[in-house]
Number of protein chains: 2
Amino acid sequence: MARTGRPREFDRDKALDAALTLFWELGYEPTSLNQLKACMGNISPASFYAAFGSKEALFREVVQHYLATYGQVMAPLWDETLSPRDAIEQTLRRSARMQTARTNPTGCLIVQGACNCSPENQPVQTLLAAERKRNRNGIKACVERAVTNGDLTKSAATDTLPALFTTFLHGIACEAKDGDRVKTLDAAITTLMHVWDSLAMKPGSASSSR
Amino acid sequence: MARTGRPREFDRDKALDAALTLFWELGYEPTSLNQLKACMGNISPASFYAAFGSKEALFREVVQHYLATYGQVMAPLWDETLSPRDAIEQTLRRSARMQTARTNPTGCLIVQGACNCSPENQPVQTLLAAERKRNRNGIKACVERAVTNGDLTKSAATDTLPALFTTFLHGIACEAKDGDRVKTLDAAITTLMHVWDSLAMKPGSASSSR
DNA sequence: GTATTTCTGGATTGATTAATATTGAAGTCT
DNA sequence: AGACTTCAATATTAATCAATCCAGAAATAC
């Protein structure tokens with residue numbers, strides 16, 4: 001699309017990737033523009049602001065990029081070809097694997113990217129909080145779908161499942177950043193899913209619908 | 001103990017309390033010395049450094065104060081008069097209640113107090129990481145005690161319990177900060193404890209030992 | 001070739017950061 | 001009373017923050 005004028009000398013996509021890594025490691029506020037410009041290929045302030053607008057605008061773009069790539073571990077939640085149980089299990093397992101992988105920073109940009117924020121950067125905090133709410137809603141929708149399906153019989157216990165799974169999901173970020181192994185988390189997920197299974201077989205209906 | 005010289009004009013304990021609240025709300029780095037001095041009674045820089053040494057020294061003192069008060073919700077983990085199951089359940093419930101109370105900031109200082117940190121403040125991050133490790137060890141010790149007691153029969157599943165409960169515990173901080181109600185979390189804890197109970201009754205022995 | 005457009009490099013902006021120095025007031029001890 | 005000790009207010013330190021400006025370089029359009 002670049003029509004006229006002098007072409008950019010650095011690779012915008014690579015710069016965005018580098019910024020993602022830095023934001024992921026340090027979080028929004030501690031990441032300084034100097035560090036960003038350095039890791040993005042020693043670009044000048046003018047180049048930076050021409051290409052990305054501002055630190056906050058860059059971060060928003062970084063979050064979108066994260067959601068479109070690493071964040072896709074959450075996709076099973078909205079994949080209705082999966083059973084609700086498999087959707088949640090896969091989401092947990094893929095999150096644990098992604099957040100502990102050695103190919104990227106540990107932990108979760110959405111949970112930890114703007115954890116310590118000055119009031120003036122509340123918009124950034126709000127942006128990530130909205131994504132976490134999306135996670136919550138996705139898990140809740142899965143549980144409700146299971147009730148509609150007949151996989152689960154609605155009860156006081158099924159009402160607690162969304163908070164249970166969401167709290168565990170978001171807790172993975174802390175454990176991953178603290179050095180937990182994927183094996184450890186995976187095993188915990190296996191045990192956690194027993195909660196679902198014991199609720200699924202408890203009431204009358206012999207076998208699940210799908 | 002104040003022997004001689006002009007006595008301090010501000011209340012050191014109240015100042016520490018105010019600093020705790022501010023650090024709890026914002027985290028370590030975004031909390032500026034100006035904000036601290038203001039909330040501590042408009043004290044001067046000289047007074048601040050004379051009384052507390054530095055920002056980091058103040059934070060360390062704040063963390064100790066937190067652990068000695070709010071952090072006592074974790075005490076059941078090391079209370080051997082409680083059954084291991086009750087110790088973990090009480091810890092979870094008291095954490096959820098404390099972190100959602102309207103009398104103090106939401107979330108957890110240990111989990112979220114230094115989440116976004118520049119490399120130069122790594123000592124602060126390390127301080128909190130060590131406390132989180134203490135939580136992990138406490139939960140693990142409870143599970144191991146249950147196995148020794150005979151409350152639980154050692155199996156692949158019991159090996160996963162420490163990570164399961166710890167991940168949930170640390171996840172509470174995120175959910176509390178995002179506005180979850182204590183009722184919601186409490187209900188989720190009830191369901192989570194079913195994991196323990198189903199493991200406890202599964203193997204042979206009819207009733208628990210104590 | 002000339003005009004136009006867009007990028008880059010370097011210098012600089014004002015605000016804010018944590019921390020220190022100086023100075024004088026306010027207290028205790030003998 | 002007078003020596004001594006500790007505090008607090010003001011001013012200031014150097015460093016860093018995100019962001020802007022300006023001049024020159026490099027490309028395209030006509």
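Reminder, nothing fancy here: chain letters follow the sequence lines and each chain counts from 1. Scope of the values below: all heavy atoms of this structure, side chains included, with no hydrogens, waters or symmetry mates.
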TODO: Whole angstrom is fine here: how far is it from CZ in A:R12 over to P in C:dT6?
DONE: 15 Å

TODO: Please state how far atom OH in B:Y28 lies from atom P in C:dT17, giving the value in whole angstrom units.
DONE: 14 Å

For nucleotides 13-17 of chain D, list the nitrogen or oxygen atoms of the protein found under 3.5 Å from its nitrogen or oxygen atoms, one pair per line.
{"residue": "D:dC17", "atom": "OP2", "partner": "A:N34", "partner atom": "ND2", "Å": "3.4"}

Task: Note: A:D151-A:R85 ion pair, threshold 4.0 Å (strictly below) - done: no

Open item on the list: Taking any heavy-atom pair under 4.0 Å as a contact, classify A:F52: base, sugar-phosphate, or nothing.
Closed with: nothing

TODO: Could you tell me the separation between the OH atom of A:Y49 and the P atom of C:dA11, rounded to a whole number of Å?
DONE: 18 Å

Open item on the list: With no hydrogens and no angle check, just 3.5 Å: does a side-chain donor-acceptor pair link B:K37 and B:N34?
Closed with: yes

Task: A:L36 CG - D:dA19 P separation (whole Å) - done: 11 Å

Task: Under 3.5 Å side-chain donor-acceptor pair for A:R60 and A:S54 - done: no

Task: B:K55 charged N/C atom sitting above B:Y28 aromatic ring, 6.0 Å / 45° - done: yes

Open item on the list: Return whichever of B:P7 or B:E56 has its heavy-atom-nearest nucleotide of DNA chain C closer to the 5' end.
Closed with: B:E56

Open item on the list: Between A:E29 and A:N121, do the side chains contain a donor N or O and an acceptor N or O under 3.5 Å apart?
Closed with: yes

Open item on the list: Just checking A:R97: does its CZ atom have more than 12 heavy atoms from other residues, nucleotides or ligands closer to it than 6.0 angstrom?
Closed with: no

Give each protein N/O atom lying under 3.5 Å from an N/O atom of nucleotides 9-11 of chain D, with the pair distance.
none

Open item on the list: If you apply the rule side-chain contact (heavy atoms from CB on, under 4.5 Å), what do you find for B:L58 with B:M40, and how did you get there?
Closed with: CA-CA 12 Å; B:L58 170 65; B:M40 291 163 100; 4.1 Å; yes

Task: Distance-only donor-acceptor check, side chains A:H170 and B:D178, under 3.5 Å - done: no

Task: B:D11 CG - D:dC7 P separation (whole Å) - done: 15 Å

TODO: With A:R8 as the cation and A:F10 as the aromatic partner, state whether NZ or CZ is under 6.0 Å from the six-membered ring centre and within 45° of the axis.
DONE: yes

Task: Comparing B:K37 and A:F48 on DNA chain C - which has the more 5′ nearest nucleotide - done: A:F48

Task: Atom-to-atom span, CG of A:L58 to C1' of D:dA19 - whole angstrom - done: 14 Å

